[in-house]
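For reference, the structure discussed in these notes is given below.
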Amino acid sequence: MTMRIKEILKSAEIQSTITVEGWVKTKRELKAFSFIEISDGSTMDGIQVIIDKDLADYDNIIKQLNTGASVSAEGLVVESPGKGQRIEVQASAVTVHGGADPETYPLQKKRHSFEFLRTIGHLRGKTNTLGAVMRVRNACSTAIHQFFQEKGFLWAHTPIITASDCEGAGEMFAVTNFDIANPKRSKDGTIDYAEDFFGRPAYLTVSGQLEAEVMAMSFKDVYTFGPTFRAENSNTSRHLAEFWMVEPEMAFCDIIGDQDLAEEFLRYIFKYVLETCPEDMEFFDKRIDKTVLGTAQNIIDNDFARITYTEAIALLEKSNKTFEFPVEWGIDMQSEHERYLAEELFKKPLIVTNYPKDIKAFYMRLNNDEKTVAAMDVLVPKIGELIGGSQREERLDILEQRIKEMNIEADDLWWYLDLRRFGTVPHAGFGLGFERLVQFMTGMANIRDVIPFPRSPLNAEF
RNA sequence: UCCUCAGUAGCUCAGUGGUAGAGCGGUCGACUGUUAAUCGAUUGGUCGCAAGUUCGAAUCUUGCCUGGGGAGCCA
């Protein structure tokens, strides 16, 4: 295997002969020779290759080496006399694998809008910004696994297809092998799901949490990291129909331990990415959002603010700001409220805990005041809710009571309730929207630009 | 789904009732160890789609489609 360009730029020895493989970023033709900049996605910078006019078939090769063409170039590594790069390659043999007609190749040597790049999703990974995004995204994934593995968490592969429609986290996509124009029907005309593949209605998962709880009851500390699906007709810069979610779940853990983990987790990831992708992070800070590096450092250096929901409402009430949605105890906080707290008041991530029970899910642990539950949201500037978690209700009688109050079908949850019958224990966990994390970290304004193949309403082209 | 703004050359946009424009890109040439090279010339259009008003519509009206921003829902 040949060296990646990142390695070549870092450690190729002067006067050694190497082979560069990649795609042409720019070509600059001079009279006696040409400069070709080649990149392979391993790093932001390309490598400069000099092709001398003496090279066999020079005119034909140069004619093909337009932006986007694929090429292998063998040559001698030399110190670069020009500014802007330490080394360059004096080509001795060049193979063009595939040209890219400049009349029709959509990527130009200039800035493109992200809206336009979304229309050429199959090519946009070749751009500086999307390249940097994908490398940071990769580093985030690695950091997540490394963080949990170092702590002894078990990576639990929770199902993508689920038959329980009681997860309560949003609209679901149906999964069926019926001919949807002609599904099997009962005598009364309704669709007969007993005849469907699973013998019952099935859906794409909206959360792996309930299954993660199952795994935590055997393995103590577990996490999920996989795709999640929401069918809401939601069109915003922070929603996807298919996104990746990270969900740790810890037995013998309360809401305080949950918050501690969330904070340590985010700090670890930011640190890892700053160490492994410094050029990409500098690029974001310089070209995308000037607060990127400051935000990262802020997370690494400072504790998150921690307040209760009740305190948050009090802060909003005395803020003297007029909100579109009026503030009073019991409301579900709106985006404008969360953003005020995170962006203006605290100017850093904050964790809000102990929300009113009526606005939270059935599985969250009821507090002693019997009005609030042990929920926690991590709110960050610009994104809003990055993490949502809770201590889970481990007491069977109270959980059954809550399920009844919220009119949820308890029969479907028999296995979930069994966890409280057989060796129940206080436990807690949270869910993190992976793309929101990448968005927050890179400063990218639209979540569709931090995933290679975004899925959103009317968008599944690539 | 709601509110709002937009859709004109490959890209980014100007043109707001009277002959469709600029910059970038592409092409050709010149020049130069260049680096989003530079300079000159040149190329390029079903003005989102459909209907309507008008002597005349990119421009005004209506409907639809698509995209951006915001909201809701959520991670």
Side-chain angles (χ1 to χ4, degrees), chain A residues 25-39 45-52 63 66-67 78-85 88 90 100-120 127-128 167-172 206-209 224 227-247 262 287 323-325 332-339 359-361 377-380 383-389 430-440 445-449 451 456-459 461:
Chain A
K25 209 141 198 188
T26 69
K27 169 178 70 174
R28 292 177 287 275
E29 276 186 78
L30 279 65
K31 206 159 225 166
F33 57 97
S34 293
F35 295 103
I36 308 290
E37 192 182 330
I38 297 174
S39 60
D45 297 318
I47 186 157
Q48 179 160 285
V49 175
I50 283 75
I51 302 179
D52 203 87
K63 206 174 169 188
N66 296 303
T67 302
V78 297
E79 280 181 52
S80 178
K83 285 176 190 161
Q85 61 279 318
E88 61 190 29
Q90 291 278 358
D101 182 0
E103 302 252 18
T104 51
Y105 186 62
L107 287 172
Q108 303 170 359
K109 289 186 280 184
K110 62 175 229 176
R111 260 188 88 84
H112 285 296
S113 67
F114 293 121
E115 291 88 338
F116 171 66
L117 292 176
R118 271 172 232 145
T119 69
I120 48 167
T127 63
N128 286 341
E167 286 166 344
E171 298 288 315
M172 303 171 100
V206 292
S207 164
Q209 185 204 311
T224 74
T228 308
F229 307 86
R230 303 276 168 92
E232 279 114 1
N233 188 6
S234 187
N235 293 285
T236 80
S237 57
R238 35 179 216 291
H239 282 89
L240 290 166
E242 176 182 301
F243 64 99
W244 286 61
M245 190 147 71
V246 179
E247 294 170 295
R287 303 291 283 274
F323 295 108
E324 190 189 340
F325 295 89
D332 205 354
M333 276 196 276
Q334 304 292 319
S335 284
E336 57 173 346
H337 305 138
E338 295 179 348
R339 292 186 64 155
I359 59 171
K360 288 293 184 183
D377 284 357
V378 178
L379 309 180
V380 300
I383 309 291
E385 188 181 341
L386 179 65
I387 284 176
F430 62 77
L432 165 109
F434 181 61
E435 284 74 18
R436 285 193 184 169
L437 172 68
V438 179
Q439 220 188 328
F440 179 49
N446 195 310
I447 200 164
R448 295 168 196 191
D449 300 325
I451 185 169
S456 58
L458 299 175
N459 181 8
E461 180 73 18

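Below, chains carry the letters A, B, ... as their sequence lines are ordered, and counting in each starts from 1.
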Presence of [X] side-chain N/O under 4.0 Å of [N] phosphate oxygens OP1/OP2:
X	N	result
S237(A)	G69(B)	no
T26(A)	A36(B)	no
R28(A)	A36(B)	no
R230(A)	C74(B)	no
R238(A)	C73(B)	no

So what does [X] hit on the nucleic acid, given a heavy-atom distance under 4.0 Å: a base, only sugar-phosphate, or nothing?
X	result
L240(A)	base
R339(A)	nothing
Q85(A)	base
F33(A)	base
E336(A)	nothing
I387(A)	sugar-phosphate
Q90(A)	base
P81(A)	base

Answer yes or no: side-chain N or O of S234(A) and base N or O of C73(B) forming a donor-acceptor pair under 3.5 Å.
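Yes.
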Decide yes or no, distance alone: a donor-acceptor N/O pair under 3.5 angstrom between the base of G33(B) and the side-chain of E88(A).
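A donor-acceptor contact between them is present.
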Using the [atom1] atom on both, measure [N] against [M] and round to a whole Å.
N	M	atom1	answer
U66(B)	C24(B)	P	35 Å
U38(B)	G70(B)	C1'	44 Å
A58(B)	U19(B)	P	10 Å
G67(B)	U8(B)	P	14 Å
U42(B)	U4(B)	P	46 Å
U53(B)	U1(B)	P	32 Å
A14(B)	U54(B)	C1'	26 Å
C64(B)	G72(B)	P	26 Å

My understanding is that a pair needs two contacts under 3.5 Å, Watson-Crick or G-U wobble. By that rule, which nucleotide pairs with [N]?
N	answer
U1(B)	A71(B)
C39(B)	G29(B)
U16(B)	none
U54(B)	none
G63(B)	C49(B)

Can you tell which of [options] lies closest to the side chain of [X]?
X	options	result
E232(A)	G68(B), A37(B), C73(B)	C73(B)
F35(A)	U34(B), U66(B), U12(B)	U34(B)
E103(A)	U66(B), C73(B), G26(B)	G26(B)
H239(A)	U34(B), C74(B), U12(B)	C74(B)
N235(A)	G10(B), U1(B), C73(B)	U1(B)
S335(A)	G68(B), G33(B), A71(B)	A71(B)
S80(A)	C11(B), U34(B), A71(B)	U34(B)

Whole angstroms only, please: what is the [atom1]-[atom2] distance between [X] and [N]?
X	N	atom1	atom2	result
N233(A)	C3(B)	CG	P	14 Å
F325(A)	G70(B)	CZ	P	15 Å
Q108(A)	G26(B)	CD	C1'	8 Å
F116(A)	G48(B)	CZ	C1'	16 Å
K360(A)	C73(B)	NZ	P	11 Å
K31(A)	U38(B)	NZ	C1'	15 Å
I447(A)	G68(B)	CD1	C1'	16 Å
Q48(A)	A37(B)	CD	C1'	12 Å

So do the side chains of E324(A) and Q334(A) get within less than 4.5 Å of each other, counting heavy atoms only?
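No, side chains not in contact.
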Side-chain heavy atoms of I447(A) within contact of H239(A), under 4.5 Å:
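SC-SC contact between I447(A) and H239(A) ruled out.
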In terms of the nearest nucleotide of RNA chain B, which residue is placed more toward the 5' end: L30(A) or H112(A)?
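Upstream on the strand: H112(A).
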Assuming nearest nucleotide by heavy-atom distance, tell me which of A445(A) and W244(A) is located more 5' along RNA chain B.
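The residue mapped nearer the 5' terminus is A445(A).
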Looking at the angle O4'-C1'-N9-C4 for a purine or O4'-C1'-N1-C2 for a pyrimidine, is U16(B) syn or anti, with syn meaning within 90° of 0?
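Syn for U16(B); the angle stays within 90° of 0.
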Taking only Lys NZ, Arg NE, NH1 and NH2, and the carboxylate oxygens of Asp or Glu, determine whether D377(A) and K360(A) approach each other closer than 4.0 Å.
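Salt bridge present between D377(A) and K360(A).
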Could you report the tightest heavy-atom contact between F114(A) and D449(A), atom names first, then the distance?
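Here F114(A) and D449(A) meet closest at CB-OD2, 3.4 Å.
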What closest approach, in Å, do Q48(A) and Q85(A) show between heavy atoms, and which atom pair accounts for it?
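For Q48(A) and Q85(A), the tightest heavy-atom pair comes out as NE2-NE2, 3.6 Å.
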Between E435(A) and W244(A), is there a donor-acceptor pair closer than 3.5 Å when you use the side chain of the first and the backbone of the second?
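Present.
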side-chain contact (heavy atoms from CB on, under 4.5 Å) partner of I36(A), chosen from I50(A), I51(A), T26(A), I47(A)
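When I50(A), I51(A), T26(A), I47(A) are each tested with I36(A), the side-chain contact (heavy atoms from CB on, under 4.5 Å) holds only for I51(A).
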Which one of M245(A), M172(A), E171(A) satisfies the side-chain contact (heavy atoms from CB on, under 4.5 Å) criterion with V206(A)?
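The single option meeting the side-chain contact (heavy atoms from CB on, under 4.5 Å) with V206(A) is M172(A).
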Is the ring pair F33(A)/F35(A) parallel, tilted or perpendicular, if the boundaries are 30 and 60 degrees?
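If you compare the ring of F33(A) with that of F35(A), the planes turn out perpendicular.
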